[in-house]
Undergrad: 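My structure is below; once you've seen it, I'll send some questions.
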There are 2 protein chains.
Amino acid sequence: MVAGPTSTGPGKDRLRLWIRLLRASRTIEAELRERLKKEFDTTLPRFDVMAALYRSPEGMLMSDLSRFLLVSNGNVTGIVDRLVSEGLVTRARRNGDRRTSMVRLTEEGSKTFAAIAAAHESWVGELLGTVSEDEARRLTGMLKSFRSNWEGRE
Amino acid sequence: MVAGPTSTGPGKDRLRLWIRLLRASRTIEAELRERLKKEFDTTLPRFDVMAALYRSPEGMLMSDLSRFLLVSNGNVTGIVDRLVSEGLVTRARRNGDRRTSMVRLTEEGSKTFAAIAAAHESWVGELLGTVSEDEARRLTGMLKSFRSNWEGRE
DNA sequence: GGCAATTATTTCAAGCTTGAAGTTTTATAA
DNA sequence: TTATAAAACTTCAAGCTTGAAATAATTGCC
């Protein structure tokens, strides 16, 4: 996946783009993961869950989190388990539908997240420093629409 | 990581770009992983290792693979173990330096990889279908240089 | 030569990830 | 009502991933 095509031909340009995209995101992701561990003793998946919850003060269902973060249900269960045991998140059973539970940041979780998010944003700014703000906007636009072609089928 | 910034300010455009980049690569990666499993009963990491070896008929050291694929040494050990047990790869101890071993695709591994790689390329072409070949080349160029700023520091 | 540092690799624990199977609760419908 | 299906989660096995510690072989220096 990270190795590229050596020959030329139809479709090679898209393959090359995919290789670059993957290498770029893996490199940045690895660096962010390392800094999250070193500076805040946390992980990327936990940060992702907290980020989602931070935007929804009213809370989110497990399935909301799963859908929003593009990961499986069982995956979210484990991550939320750990966040609960760290006191950053609560799971509240609901009266209306007792299959579901509402997940929310605790006050401590909210403070903790705000601090991490600030560092995270400046790290991203640093790591993508060679991309101008203008170029960043153009790239974002290009990436915005690529999925419509095939996602959501079945 | 997959959640985005809601406010505006300096650095927000790069953060937004990073979110898009990550969502795009995660989505494509998930789809490719699923197809590799369903169609060829293999995984992305194994495909990556085979792709690297396919380009080096003379073989690669474990540390070469690790460096090239941007993953840890211990990681490569496990993946190569599984490929060896599937008969797709061999580990040959060297006379010169007995700490190292040369990893090579077997003949079967080479054939197997060629078949998978063809499917893989057409999948990527499909999944990135909304990006024109021309746009693909431009995006690739933009992604090519972003690392030079900070990688290799320390 | 002999010994310390370096290099290549493996092992291991902890955590992430998926997909499948299982549990509990709610909705549907005969 | 009462089966049956559907929905929301959890559990589990297998595999991926890292970073740290352990092994083994080589290199460099006295």
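Below, read A as the first sequence line, B as the second, and so on, with proteins coming before strands; counting in each chain starts at 1.
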Undergrad: Of all the choices, D:dT10, C:dT9, C:dT18, which nucleotide is nearest to the side chain of B:S63 once you look at every atom?
TA: C:dT9
Undergrad: Could you check whether A:R67 gets within reach of a base, just the sugar-phosphate, or nothing at all, counting any heavy atom under 4.0 Å?
TA: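 No contact.
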Undergrad: Can you sort out the partners of A:F40 under ring pair (Phe, Tyr, Trp, His ring centres under 6.0 Å), two or more places apart, ordered by chain and number?
TA: none
Undergrad: When you match B:M102 and A:G96 each to their closest nucleotide on DNA chain C, which lands nearer the 5' end?
TA: B:M102
Undergrad: Report the residue (A:K38 or A:D64) whose heavy-atom-nearest nucleotide on DNA chain D is the more 5′ of the two.
TA: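 The residue mapped nearer the 5' terminus is A:D64.
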Undergrad: Give the residues of residues 71-82 of chain A touching DNA chain D, defined as any heavy atom closer than 4.0 Å, sorted by residue number.
TA: A:N73, A:G74, A:T77
Undergrad: Choose from D:dG15, C:dC16, C:dT26 the nucleotide whose nearest atom is closest to any side-chain atom of A:D97.
TA: C:dT26
Undergrad: Carefully, step by step, assess A:R14 and B:E126 under the rule salt bridge (Lys or Arg N to Asp or Glu O under 4.0 Å).
TA: CA-CA 9 Å; A:R14 293 201 182 91; B:E126 172 195 346; over 6 Å; no
Undergrad: Tell me: CG of A:L61 to C1' of D:dC9, nearest whole Å?
TA: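 Result: 11 Å.
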Undergrad: Before accepting this row, confirm whether a basic side-chain N of the pair B:E133/B:R138 lies closer than 4.0 Å to the acidic partner's carboxylate O.
TA: no
Undergrad: Output side-chain donor-acceptor pairs under 3.5 Å for residues 84-91 of chain A, partner residues at least two apart or in another chain, one line each.
TA:
| unit_1 | atom_1 | unit_2 | atom_2 | d |
| --- | --- | --- | --- | --- |
| A:S85 | OG | A:R82 | O | 2.9 |
| A:E86 | OE2 | A:R46 | NH1 | 2.8 |
| A:R91 | NH2 | A:D81 | OD1 | 2.2 |

Undergrad: Under 6.0 Å from the six-membered ring centre of A:F68 and within 45° of its axis: does the NZ or CZ of B:R23 meet both?
TA: yes
Undergrad: Can you establish whether the number of heavy atoms outside B:E58 located under 6.0 Å from its atom CD is more than 12?
TA: yes
Undergrad: Is A:R91 close enough to D:dT10 that one of its side-chain N or O atoms is under 4.0 Å from OP1 or OP2 there?
TA: yes
Undergrad: Is the phosphate of D:dC9, meaning OP1 or OP2, less than 4.0 Å from a side-chain N or O of A:R94?
TA: no
Undergrad: Between the base of C:dT26 and the side chain of A:R99, is there a donor-acceptor distance below 3.5 Å?
TA: no
